[in-house]
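Both backbone and side-chain heavy atoms feed into the values below; hydrogens, waters and symmetry mates do not.
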Amino acid sequence: MENEQVILCASSKYEEKYYLNPDFNGLPDGIKDELQAMCVLFTEDIGGILTLEFDEGSNLNFVTMSDRGDLLYDEIGSVLKVKQLRTERRELLESLELYYRVFFLGEALDESE
């Protein structure tokens with residue numbers, strides 16, 4: 001898993017679909033539901049495609065993209081919405097990063113966190 005992105009979930013306005021990486025089926029149902037609502041509402045509001053990806057540093061990143069020529073995609077709105085979600089869902093996002101480090105990378109749980 002070195003030097004590669006691991007997708008947690010994704011949502012597409014174009015296909016009107018949501019995807020949760022099956023490797024994360026062990027997450028509590030409430031967390032999975034919250035992720036789905038967050039991603040789907042993002043793409044309904046902004047358009048395009050949103051993926052939540054873990055990088056090699058175990059950071060959870062919001063990656064947005066749109067089809068070429070998509071005039072309805074709100075690029076500025078996407079930046080603002082990501083910033084809003086990072087603030088409002090900070091605890092959830094930090095918990096997901098910890099979950100990833102412990103259950104996927106096998107890191108020992110540091111009691112100080």
Item to check | For Thr64 against Phe42, the heavy-atom pair lying closest together | outcome: CG2-CZ, 3.5 Å
Checklist entry - Between the side chain of Glu97 and the main-chain N/O of Leu60, is any donor-acceptor distance below 3.5 Å? => result yes
Item to check | Closest heavy-atom pair and its distance - Leu85, Leu93 | outcome: O-CD1, 4.1 Å
Checklist entry - Measuring from Cys9:SG to Lys32:NZ, what's the distance to the nearest 0.5 Å? => result 12.0 Å
Item to check | Pair Thr43-Tyr18, side-chain donor/acceptor within less than 3.5 Å | outcome: no
Checklist entry - Are Leu105 and Leu8 co-members of a hydrophobic cluster defined by side-chain heavy atoms under 4.5 Å apart? => result yes
Item to check | Student check: side-chain heavy atoms of Met38 and Leu35 closer than 4.5 Å | outcome: yes
Item to check | Distance, nearest 0.5 Å, that separates CD1 of Ile49 from CG of Asp70 | outcome: 9.5 Å
Item to check | Any Val102 side-chain heavy atom under 4.5 Å of Leu98 side chain | outcome: yes
Next on the checklist: Assess the residue pair Glu4 and Glu56 against the criterion (side chain to side chain contact (heavy atoms under 4.5 Å, CB included)); give the C-alpha distance rounded to whole Å, side-chain angles, the decisive distance to 0.1 Å, and a yes or no.
Outcome noted: CA-CA 6 Å; Glu4 68 179 57; Glu56 57 275 353; over 6 Å; no
Checklist entry - Quick one: are Gln5 and Asp55 in side-chain contact, heavy atoms under 4.5 Å? => result yes
Next on the checklist: Any non-hydrogen side-chain atom of Phe24 less than 4.5 Å from a side-chain atom of Ile31?
Outcome noted: no
Next on the checklist: For the CD atom on Gln84, are there more than 12 heavy atoms of other groups (residues, nucleotides or ligands in this structure) within a distance under 6.0 Å?
Outcome noted: yes
Checklist entry - Mind checking whether Asp74 and Ile46 have side chains closer than 4.5 Å, heavy atoms only? => result yes
Checklist entry - Considering only heavy atoms from C-beta outward, does the side chain of Arg86 approach that of Phe62 to under 4.5 Å? => result yes
Checklist entry - When clusters are formed by joining ILVMFWY residues with side-chain heavy atoms under 4.5 Å apart, either directly or through shared neighbours, do Phe54 and Val63 land in the same one? => result no
Checklist entry - Taking atom CZ of Arg89 and atom OG of Ser95, what is their separation to the nearest 0.5 Å? => result 12.5 Å
Checklist entry - Out of curiosity, Leu41 CG to Lys81 NZ, how far, rounded to the nearest 0.5 Å? => result 7.0 Å
Item to check | Euclidean distance, Leu20 CG relative to Ile7 CD1, rounded to 0.5 Å | outcome: 11.5 Å
Checklist entry - Shortest non-hydrogen contact from Ser58 to Glu107? => result OG-OE2, 4.4 Å
Item to check | Side-chain heavy atoms of Asp67 within contact of Tyr73, under 4.5 Å | outcome: no
Next on the checklist: Can you tell me how far apart CG (Leu96) and CD (Glu91) are? Round to the nearest 0.5 Å.
Outcome noted: 11.0 Å
Checklist entry - Are Asn21 and Tyr19 side-chain neighbours, meaning at least one heavy-atom pair lies under 4.5 Å? => result yes
Checklist entry - Under the ring pair (Phe, Tyr, Trp, His ring centres under 6.0 Å) test, which residues partner Tyr99, sequence neighbours left out? => result Phe103
